[in-house]
Amino acid sequence: MRLFAIRDYRHLFSAQVIALFGTGLTTVALGLLAYDLAGPRAGMVLGTALTIKMVMYVAIAPLAAAYVDRLPRRTLLVLLDVVRGAVVLALPLVTEVWHIYVLIGLLQAASAAFTPTFQAVIPDIVTDESDYTRALSASQVASTMESLLSPMLAAVALTFISFGWLFLGTSAGFLISALLVLSTRIPDARPSTHTRAWDKAAAGIRTFLRTPRLRGIMALNLVVAAAGSIVVVNTVNYVRDELGGSQSDVAWMLAASGTGTLLAALTLPRVLDRIAARTVMMTGAGVLVGGTTAAVTLIAAGLTTWTGTAIIWTVVGIGMALIITPTGKVLRASVGRNAIPEAFAAQFSLSHLAWLITYPVAGWLGTNTGFTLAWSLLAVLAGAGAISALLLWPRHDERGAMTTLAAPDRLAPSKDRSALAKAA
């Protein structure tokens with residue numbers, strides 16, 4: 001592919017992939033660490049840790065996007081990787097639950113600053129319009145592959161080693177990522193059209209609020225978070241306590257959800273050539289509402305089987321992919337080229353705001369009242385998000401969205417992108 005012939009992009013993409021897999025392994029290991037420290041209350045510990053993560057993402061990512069054009073970006077990315085590597089290295093040494101919360105706060109603050117900075121670098125390295133589109137798609141594929149392969153790698157590794165070694169491998173991955181970033185030539189940032197930091201931080205969110213299809217995406221974020229929280233937060237306690245599984249079984253069950261995500265992601269590029277993004281994403285919302293409802297039925301009726309759980313987890317993975325995969329295309333078709341980093345930063349914060357709502361429900365409510373009530377509430381939130389998306393993203397916008405999604409590769413980046421932004 002011509003895109004990967006660009007040396008600096010190739011190194012940055014490799015750094016992203018390594019960091020993503022490091023994050024995925026940390027998520028698996030963190031759940032097992034929480035179970036080791038808190039036992040039956042591991043869901044609450046993990047839910048709190050992930051809530052801290054979401055607070056950091058929602059608060060810091062917009063500020064990072066606002067100031068990214070004022071900082072030496074290569075140095076910043078390297079420092080953030082080093083900080084993440086050091087924090088992960090300290091995690092297996094903790095002996096108290098509150099230690100996890102402090103370290104997770106530091107880790108996720110660094111990650112929240114890394115993502116928008118990385119996204120802002122790409123258009124300055126990949127200057128060709130069609131290559132830039134492929135770069136965004138490649139980034140999405142990398143995220144999808146991580147959701148599948150990280151739990152599988154963890155499952156294999158846990159067959160031979162304890163989960164503490166996963167933290168050591170993750171730390172090494174972040175340091176390798178830092179070296180790859182250091183080997184790139186990242187140009188100075190182009191000044192944003194907004195002069196004040198708050199204007200830049202809020203610009204993407206204002207675009208979401210005034211654009212129908214983006215308001216629909218805001219509602220779909222809640223659907224993804226409601227269903228995903230069941231898998232991310234509750235799998236550890238569910239597999240260990242309800243199914244009587246091992247550490248490795250936890251990772252394999254997480255991999256079931258990742259398998260669904262990958263299968264859908266591999267199919268979607270051809271589907272999106274023929275079917276509008278709105279139709280695909282609304283279908284995904286329906287799949288997730290069905291998946292959460294099935295999970296509630298499973299636990300309420302006492303039908304906790306390995307096969308039934310794996311099927312539901314896979315369905316949830318498919319539904320998440322149907323919503324997440326087309327999101328980048330919808331964003332690109334809805335804003336001008338210069339506003340793409342701000343739009344992606346806004347989606348980054350808004351999507352994590354949805355997780356900030358659902359993580360405590362899965363973790364705290366699930367621990368204190370049981371899975372049935374917590375999952376029922378999450379199913380209600382998923383349904384509310386799906387209905388809101390249908391109302392906020394009107395059907396008459398569907399054909400226009402399909403047309404604009406097919407157009408960017410053939411448009412000049414300045415004049416025609418501006419027209420697209422006004423049309424949205």
Side-chain angles (χ1 to χ4, degrees), residues 1-3 126 128-145 147-148 208 211-221 223-224 227 257-291 314-337 340 343-344 347 351 382 385-413 416-417 419-421 423-424:
M1 183 185 294
R2 184 178 63 179
L3 175 63
V126 183
D128 180 79
E129 184 72 14
S130 60
D131 284 344
Y132 178 58
T133 299
R134 295 187 183 96
L136 291 175
S137 298
S139 180
Q140 179 62 51
V141 170
S143 298
T144 301
M145 290 295 291
S147 69
L148 168 67
F208 268 75
T211 308
R213 69 187 69 151
L214 299 187
R215 290 199 296 267
I217 286 178
M218 291 172 61
L220 291 172
N221 287 336
V223 183
V224 170
S257 178
T259 300
T261 300
L262 180 63
L263 291 175
L266 292 175
T267 306
L268 278 175
R270 291 185 294 274
V271 172
L272 289 169
D273 287 338
R274 302 187 301 272
I275 302 176
R278 181 185 182 277
T279 300
V280 172
M281 297 172 80
M282 295 303 171
T283 300
V287 170
L288 290 181
V289 171
T314 302
V315 168
V316 169
I318 292 171
M320 293 175 68
L322 291 175
I323 293 176
I324 294 173
T325 304
T327 296
K329 287 188 174 183
V330 176
L331 288 176
R332 294 199 313 273
S334 302
V335 300
R337 179 179 170 85
I340 286 177
F344 272 85
Q347 167 61 6
S351 62
I387 293 171
S388 298
L390 286 169
L391 298 175
L392 292 170
W393 188 349
R395 184 178 295 276
H396 65 73
D397 187 55
E398 187 169 25
R399 183 171 296 277
M402 188 175 181
T403 302
T404 54
L405 289 178
D409 287 353
R410 299 190 301 271
L411 296 177
D416 293 325
R417 285 274 187 184
L420 280 177

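Everything numeric here is computed off the predicted structure, so don't read it as measured data. Atoms considered below: every heavy atom in the structure, side chains included; atoms not considered: hydrogens, waters and symmetry mates.
- From Thr211, atom OG1 reaches atom CD1 of Ile217 across 9.5 Å, with rounding to the nearest 0.5 Å.
- You'll find the side chain of Arg278 reaches within 4.5 Å of the side chain of Leu390, heavy atoms only.
- The distance from the CE atom of Met281 to the NZ atom of Lys329 is 12.0 Å, given to the nearest 0.5 Å.
- If you take OG1 on Thr325 and CG on Leu272, they are separated by 8.0 Å, rounding to the nearest 0.5 Å.
- Side-chain N or O atoms of Arg213 include none that pairs as donor or acceptor with a backbone N or O of Val330 at under 3.5 Å.
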Worked verdict on Met218 versus Leu392 for side chain to side chain contact (heavy atoms under 4.5 Å, CB included): CA-CA 9 Å; Met218 291 172 61; Leu392 292 170; 6.0 Å; no
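- For the pair Ala382 and Val223, the tightest heavy-atom approach, listed with the atom from each and the gap, is O-CG2, 3.5 Å.
- The CD atom of Gln347 sits 4.5 Å away from atom CG of Asn221, with the distance rounded to the nearest 0.5 Å.
- How far CD1 of Ile323 is from CG of Leu220: 5.0 Å, rounded to the nearest 0.5 Å.
- Of all the heavy atoms in Ala389 and Ala219, the pair that sits closest is N-CB, 3.6 Å.
- With a 4.5 Å cut-off on side-chain heavy atoms, Val335 and Phe208 do not count as touching.
- Checking Leu288, Leu322, Thr327 one by one against Val224, the side chain to side chain contact (heavy atoms under 4.5 Å, CB included) holds for a single residue, Leu288.
- If you take OG1 on Thr283 and CD1 on Ile318, they are separated by 12.5 Å, rounding to the nearest 0.5 Å.
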